[in-house]
Amino acid sequence: MRGAGGTRSRRGRPWPADLPPAAGAAVLAPAVLSAGLELLGREALSLAFFAVASALYLVLAYDFAVRLVRDRGRFRTEAHTPSALTAVAATTVIGCRLSLMDRQAAAAVLLALAALLWPGLLIAVERHWKHRMPGGAFLVCVATQGLAVLSAMLADAWLLDWLARAALAAFCLGILLYAQALARFDLREVLRGAGDHWVAGGALAISALAASRLAASPAWTGGPHSALRWTTLALLALSLAWYAVLLGAELRAWRPRYDIRRWATVFPLGMTAAACLSAAGATGVAGLRPLGAVLLWIAVGAWLLTCAALASAGLRRRPGGAAGGPPVSGRPGSGRPTRH
C-alpha cells in the first residue's frame, strides 16, 4: 500500500526493494552505451548516459543492501538465479567507464567490490543450474568477462603485469563458463524469449571486448599477442553471427510488449558495438570502427524504444498495481516482480 510519502510498495518497503535481480540490466544498458559513445568521440552524450547509469546503479545498490540486511531469505533465494550476477556485471561496466574517464582509483574500488561479490554469487548460481535455462544463464560469462575487461584496463593504465595475467585468467574462465551456459541454454528462447535471450550473443561480445583489451596490452607480445588478436576476431565474428540470428528471430516472432528483461536486449546490442570499436584499434581492422558506429546508434535507438515501452506500460498499469515505482514485468499492473 502507498505510504505517506507515496514511495512505498504493497509490502510496506521502499519501491526499489521490489525490483527483481533482472533490473540490473537497466544499469548495464546505458553504461555500455556511455562507454561506446566515448570510444566514438561523443563525449557529451556519453556523459549523459553515464549519469543515467550511475543514478540507476545507486538505486540498485541501495536495493541490494536492503535485501542483504532486512530480507535475508529473499536475498538468498534470488542469489541462486543467474540474474543476480548483474550486480557484478554492472559494477564492472561502471568501473570501465570510470577508467575511460581516467578515474583509475575509483575504477579500482569498483573492481575490488565486483571481485568480492563475484565468487559467492557465481557459486550460488552454479549450485542451482537447471536444464533448458533462459538467456540469463550467460550472465555467468558476462560477469566474469566484466572482471577481465576492467582488470585489463587498469593493468594497462598502471602497467601492472600481474593484473594483466589475472585478466587473462578471468577471460579464459569466462570462455569456459560460456560453453557451460550454452550447453544448458534452451534454444527455443531464441523465438519466445522475453529479452534476456540476447545475452547469448552479448556474452560473446564482452568476451571479444576482453580479448581486444588484452591484445592491446603491452604485457603481451609476439605469439601471445597474435593469439589474442585472432581470438578477438573469432569471438567478434561469432558475436555478430548471434546478432544476425537473434535479429532474424525478432523479426519472425515480434515481441513488442514491455518486459523488464528487454533491458538485457539493449545491453548486448551496445556491447557488440563497443566490442567492434575496441577491436578496430587492437586488431588493426579499420573496417570494424564504422560497423561499430552503426551498431552503436542502433543500440541507442533500442534503448530509447525500451524507455518508451516502459513509459507506456506504466501508463497502462491498473490502479491495483504496485505504486511508487516502475513496473517490473511484462504484465502491467501485476504488482509482483517476475522471478528470473
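Residue numbers count from 1 along this sequence.
Separation of atoms CG (Leu40) and OG (Ser46) is listed at 10.0 Å; rounding is to 0.5 Å. Rounding to the nearest 0.5 Å places CD1 of Ile206 at 7.0 Å from SG of Cys96. In this structure, CG in Leu238 is found 11.0 Å from CG in Leu233, a value given to the nearest 0.5 Å. Here the CD-CG distance, from Gln104 to Asp156, works out to 9.0 Å after rounding to the nearest 0.5 Å. Once rounded to the nearest 0.5 Å, the distance linking OG1 of Thr92 with CG of Leu110 reads 9.0 Å. To the nearest 0.5 Å, the span separating CG on Leu240 from CG on Leu291 amounts to 6.0 Å.
Nearest heavy atoms, Val27 versus Ala53: CG1-O, 3.8 Å. When every heavy atom of Ala31 is checked against every heavy atom of Ile94, the shortest pair comes out as CB-CD1, 4.1 Å. Counting all heavy atoms, side chain and backbone alike, Arg289 lies closest to Leu277 at O-CD2, 3.5 Å. Smallest separation of non-hydrogen atoms from Asp161 and Ala219: OD1-CB, 3.8 Å. Nearest heavy atoms, Ala203 versus Ser207: O-OG, 2.8 Å. Here the closest non-hydrogen pair linking Thr86 and Gly24 is OG1-CA, 3.6 Å.
Heavy atoms of other residues, nucleotides or ligands lying less than 6.0 angstrom from CH2 of Trp158 number more than 12. Within a 6.0 Å sphere centred on CZ of Arg184, heavy atoms belonging to other residues, nucleotides or ligands number more than 12.
In the hydrophobic clustering of ILVMFWY residues, with side-chain heavy atoms under 4.5 Å counting as a link, Val294 and Val32 come out together. By the rule that hydrophobic residues join a cluster once side-chain heavy atoms approach within less than 4.5 Å of another member, Leu45 and Leu305 end up as members of separate clusters. Hydrophobic clustering keeps Leu159 apart from Val149 (ILVMFWY residues linked when any side-chain heavy atoms are closer than 4.5 Å, directly or through intermediates). No continuous path of ILVMFWY side-chain contacts below 4.5 Å connects Leu121 to Ile123, so the two sit in separate hydrophobic clusters. Cluster membership check: Leu304 shares its hydrophobic cluster with Phe49, using side-chain heavy-atom separations under 4.5 Å among Ile, Leu, Val, Met, Phe, Trp and Tyr.
Residues Arg165 and Trp220 form a side-chain contact, since some pair of their non-hydrogen atoms from C-beta on lies under 4.5 Å apart. Leu58 places none of its side-chain heavy atoms less than 4.5 Å from the side chain of Ser54. The closest side-chain heavy-atom distance from Ile298 to Tyr243 is below 4.5 Å. Looking only at side-chain heavy atoms (C-beta outward), Phe138 and Leu182 come within less than 4.5 Å of each other. At a threshold of 4.5 Å between non-hydrogen side-chain atoms, the residues Met101 and Leu47 count as touching. Between Leu100 and Met153 there is a side-chain heavy-atom pair separated by less than 4.5 Å.
Of the possible polar contacts, none joining the Ser239 side chain to the Leu235 backbone as a donor-acceptor pair under 3.5 Å is found. Side chain of His225 to backbone of Gly223: no donor-acceptor contact under 3.5 angstrom is found. The main-chain N or O of Pro30 is never found under 3.5 Å from a side-chain atom of Ser34 such that the two would form a donor-acceptor pair. Checked by atom type and distance alone, the side chain of Ser212 pairs as donor or acceptor with a backbone atom of Leu209 at under 3.5 Å. The closest donor-acceptor contact from the side chain of Tyr178 to the backbone of Ala200 lies under 3.5 Å. A donor-acceptor distance shorter than 3.5 angstrom exists from the side chain of Thr232 to the backbone of Leu228, with no hydrogens or angles considered. For Ser278 (side chain) and Ala275 (main-chain N/O), no donor-acceptor pair under 3.5 Å exists by modelled atom type.
Evaluation of the salt bridge (charged side-chain N to carboxylate O under 4.0 Å, His left out) test over residues 115-142, restricted to residues two or more places apart or in two chains, returns none. Sorted by first and then second residue, the pairs that involve residues 26-48 and meet salt bridge (charged side-chain N to carboxylate O under 4.0 Å, His left out), not counting sequence neighbours, are Glu38-Arg97. The salt bridge (charged side-chain N to carboxylate O under 4.0 Å, His left out) analysis of residues 207-224, with sequence neighbours excluded, yields no pairs.
Listed by chain and residue number, nothing satisfies the ring-ring contact (aromatic ring centres under 6.0 Å, His included) test with Tyr57 (two or more places apart in sequence, or in another chain). Scored by the salt bridge (Lys or Arg N to Asp or Glu O under 4.0 Å) test, Arg188 finds Asp186 as partners (sequence neighbours excluded). With sequence neighbours excluded, the residues satisfying salt bridge (Lys or Arg N to Asp or Glu O under 4.0 Å) with Glu250 are Arg255, Arg262.
Aromatic ring pairs are classed by plane angle as parallel below 30°, tilted from 30° to 60° and perpendicular above 60°; the pair Trp263 and Tyr258 is perpendicular.
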Item to complete: Start with the C-alpha gap between Val199 and Trp242, add the side-chain angles, then the distance that decides, and say whether side-chain contact (heavy atoms from CB on, under 4.5 Å) holds.
Response: CA-CA 10 Å; Val199 185; Trp242 260 119; over 6 Å; no
Discussion item. Please evaluate residues Asp63 and Val59 with respect to the criterion side-chain contact (heavy atoms from CB on, under 4.5 Å), reporting the C-alpha separation (whole Å), side-chain torsions for both, the decisive distance (0.1 Å), and the verdict.
Written reply: CA-CA 6 Å; Asp63 173 45; Val59 169; 5.6 Å; no
Worksheet item: Hey, mind stepping through Leu269 and Leu295 against side-chain contact (heavy atoms from CB on, under 4.5 Å) and telling me if it holds?
Response: CA-CA 7 Å; Leu269 293 174; Leu295 295 179; over 6 Å; no
Discussion item. Is there a side-chain contact (heavy atoms from CB on, under 4.5 Å) between Thr306 and Thr265? Walk through the geometry before answering.
Written reply: CA-CA 9 Å; Thr306 306; Thr265 297; over 6 Å; no
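Checked by atom type, the side-chain pair Thr144/Trp118 shows a donor-acceptor distance below 3.5 Å.
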